[in-house]
Amino acid sequence: MKLSILVSICTLAPIAAFTTPQVKSAPSSTALFAEANGFTKKKVIVLGGDGFCGWPTSLHLSDAGHDVVVVDNLSRRNIDTELGCDSLTPIQPPEVRVQAWKEVSGKEMKFVNMDVAKDYDLLVQLIKEEQPDSIVHFAEQRAAPYSMKTSKTKRYTIDNNVGGSNNLCCAVIDAEVDAHIVHLGTMGVYGYGTSGGEIPEGYIDVVLPGGRESNILHPAYPGSVYHATKCLDALLWQFYQKNDQLRITDLHQGIVWGTNTPQTALDERLVNRFDYDGDYGTVLNRFLMQGAMGVPLTVYGTGGQTRAFIHITDTARCIELAINNPPAAGDRVEIFNQVAETRRVRDIAQLVADMTGVDVNFIPNPRQEAAENELDVANKKFCNLGLDPITLDTGLFDEVTEIVKKYKSRCNPTKILPASFWNKKRAEECATIDPSSIEIKEGEQVEA
């Protein structure tokens, strides 16, 4: 079998195997930056700050010394109720979270319950009152499977994501505040295997008719309604930068794995959410959870999909680096590829299977996508700013295992298999998938 090559773009290190967990607890990149250049404390509003990426990023920025305001409408918690599947970890209400952070760190964070896509006047008022230096935008429905589940979820994803991004740009303009917008996008805007080589960071050199050379925004090739919203976001950023000179950074992030960060691990009340279900569970987290529970790994199709990955701790670090390095007024939209490495899905499954002794099951693919693809991604910008990414070699399997052991009783095994299908043909081919076929034996030991 042909194995994909690990591409750890910053280090170019060869793949070994998972080792003992090493959550880097060294000073934050802001602290290191401050030591060399002097630290500038910033007021930062984090939209979607209660979510899987938003919460640990909020804590990371607060820990680094910034003044953080967390904004969220708790829609992801409502979707838990809708899907009948809670986070494996028992996440606390936001008010409890921010109070716990104050007790642990001595730092205060304000929480504001607001719907960015609907509460426009309140958003403008908040920006006027807080006068933020930066606004981090996580406030979007983040799951591709959920965005393909029904016509209702497709429409909600478009309305929420695109409407929220447009509202943010309008609100910054109406509030007359020169706030730097940092948006969490996705590698999926590029498509997979469509560039014919290394995927550049946002912009690509082309030769137009007549031999004219130009550098343009990379063509969009979304693979779901969710990915389509990120492509539409990218066009909005281009327009508002050109028309209103907004300062914007767009981060095309890979698939996130891991759960806790140095900050969320300080107190159980600060724990990050852990999604394991077929809609919101990211592929590596699902594999790690399944392996720790002794459940066969579920690989979609041939497992030949190559994807980019990043640990949740590095998500927070990258946001921090972006905040510290904003584009100047008048500069075009800054775009970073926020990834640590690329891997083929079946190779990751085999690594987890070898470590845990579970089987690998290849099941029909619920997604409309290429069965096999290569993926070569540039991310020199973050590397040049000092990012030293966590890769699967160094990585935190034990941390995930400990979480699974601790909260195993909260798992609903009927939610592990896919329940959203890209189209009728995909649904028909997946008709044999039986959610009730997944069983976790009571009292089964989970090896650390």
Side-chain angles (χ1 to χ4, degrees), residues 10 22-72 94 97-112 130-139 178-184 247-249 251 253 256 258-267 269-272 310-327 334 336 338 340 379 381-390 396:
C10 295
Q22 299 177 25
V23 178
K24 299 180 181 179
S25 56
S28 71
S29 53
T30 293
L32 297 175
F33 180 86
E35 185 176 323
N37 302 287
F39 171 62
T40 301
K41 180 178 181 178
K42 295 187 177 184
K43 169 70 72 69
V44 183
I45 295 177
V46 181
L47 306 178
D50 185 56
F52 174 55
C53 293
W55 176 243
T57 298
S58 297
L59 294 183
H60 179 88
L61 294 174
S62 177
D63 193 36
H66 297 295
D67 186 0
V68 177
V69 178
V70 176
V71 176
D72 206 292
R97 282 178 149 185
V98 296
Q99 178 61 32
W101 177 242
K102 181 180 179 180
E103 294 173 10
V104 168
S105 69
K107 301 175 186 292
E108 292 198 28
M109 290 196 305
K110 181 190 296 185
F111 171 72
V112 178
E130 297 295 342
Q131 295 287 307
D133 299 289
S134 303
I135 302 175
V136 181
H137 182 23
F138 291 111
D178 181 27
H180 170 213
I181 296 173
V182 179
H183 172 251
L184 189 71
R247 295 183 299 126
I248 302 171
T249 298
L251 307 175
Q253 180 168 259
V256 183
T259 302
N260 277 326
T261 66
Q263 293 77 31
T264 65
L266 292 174
D267 189 292
R269 294 169 296 173
L270 300 175
V271 69
N272 198 21
I310 186 169
H311 189 269
I312 185 63
T313 298
D314 283 338
T315 292
R317 290 186 178 125
C318 287
I319 296 292
E320 179 190 7
L321 287 169
I323 287 173
N324 288 339
N325 295 274
E334 180 65 270
F336 292 83
Q338 189 165 305
N379 80 335
K381 290 182 180 179
F382 272 133
C383 296
N384 291 338
L385 291 176
L387 179 67
D388 180 17
I390 298 169
L396 311 191

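FYI, the numbering just counts along the sequence from 1. This is a predicted model, so every value here is computed, not measured. Just so it is clear, the values below take in all heavy atoms, side chains as well, and ignore hydrogens, waters and symmetry mates.
Salt-bridge formation is not detected for the pair Lys41/Asp67: no Lys NZ or Arg NE/NH1/NH2 atom is positioned less than 4.0 Å from an Asp or Glu carboxylate oxygen.
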Query - Asn324/His66 under side-chain contact (heavy atoms from CB on, under 4.5 Å): CA gap, chis, key distance, verdict - result: CA-CA 11 Å; Asn324 288 339; His66 297 295; 4.1 Å; yes
Report task. With side-chain contact (heavy atoms from CB on, under 4.5 Å) as the test, would you mind laying out the steps for Ile310 and Val256 before giving the verdict? Result -> CA-CA 5 Å; Ile310 186 169; Val256 183; 4.1 Å; yes
Report task. Would you check, one step at a time, whether the test side-chain contact (heavy atoms from CB on, under 4.5 Å) holds for Leu61 with Val46? Result -> CA-CA 10 Å; Leu61 294 174; Val46 181; 4.3 Å; yes
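For Asp133 (side chain) and Lys43 (main-chain N/O), a donor-acceptor pair under 3.5 Å exists by modelled atom type. Checking side-chain atoms of Asp63 against main-chain N and O of Leu59 turns up no donor-acceptor pair under 3.5 Å. Of the possible donor and acceptor atoms, none in the side chain of Asn272 sits under 3.5 Å from a partner among the backbone N and O of Asn260. Of the possible donor and acceptor atoms, one in the side chain of Lys42 sits under 3.5 Å from a partner among the backbone N and O of Ile323.
A 4.5 Å side-chain heavy-atom check between Thr313 and Pro262 finds at least one atom pair inside the cut-off. His180 is listed as a side-chain neighbour of Pro327, based on a closest heavy-atom distance under 4.5 Å.
The distance from the CH2 atom of Trp101 to the CD atom of Glu108 is 13.0 Å, given to the nearest 0.5 Å.
In this structure, Leu184 and Gln253 approach most closely via the heavy-atom pair CD2-NE2, 3.5 Å.
Considering Glu103, Lys102, Arg97 as possible partners of Gln99, the one that fulfils the side-chain hydrogen bond (donor to acceptor under 3.5 Å, both in side chains) test is Glu103.
Aromatic ring pairs are classed by plane angle as parallel below 30°, tilted from 30° to 60° and perpendicular above 60°; the pair Phe382 and Phe336 is parallel.
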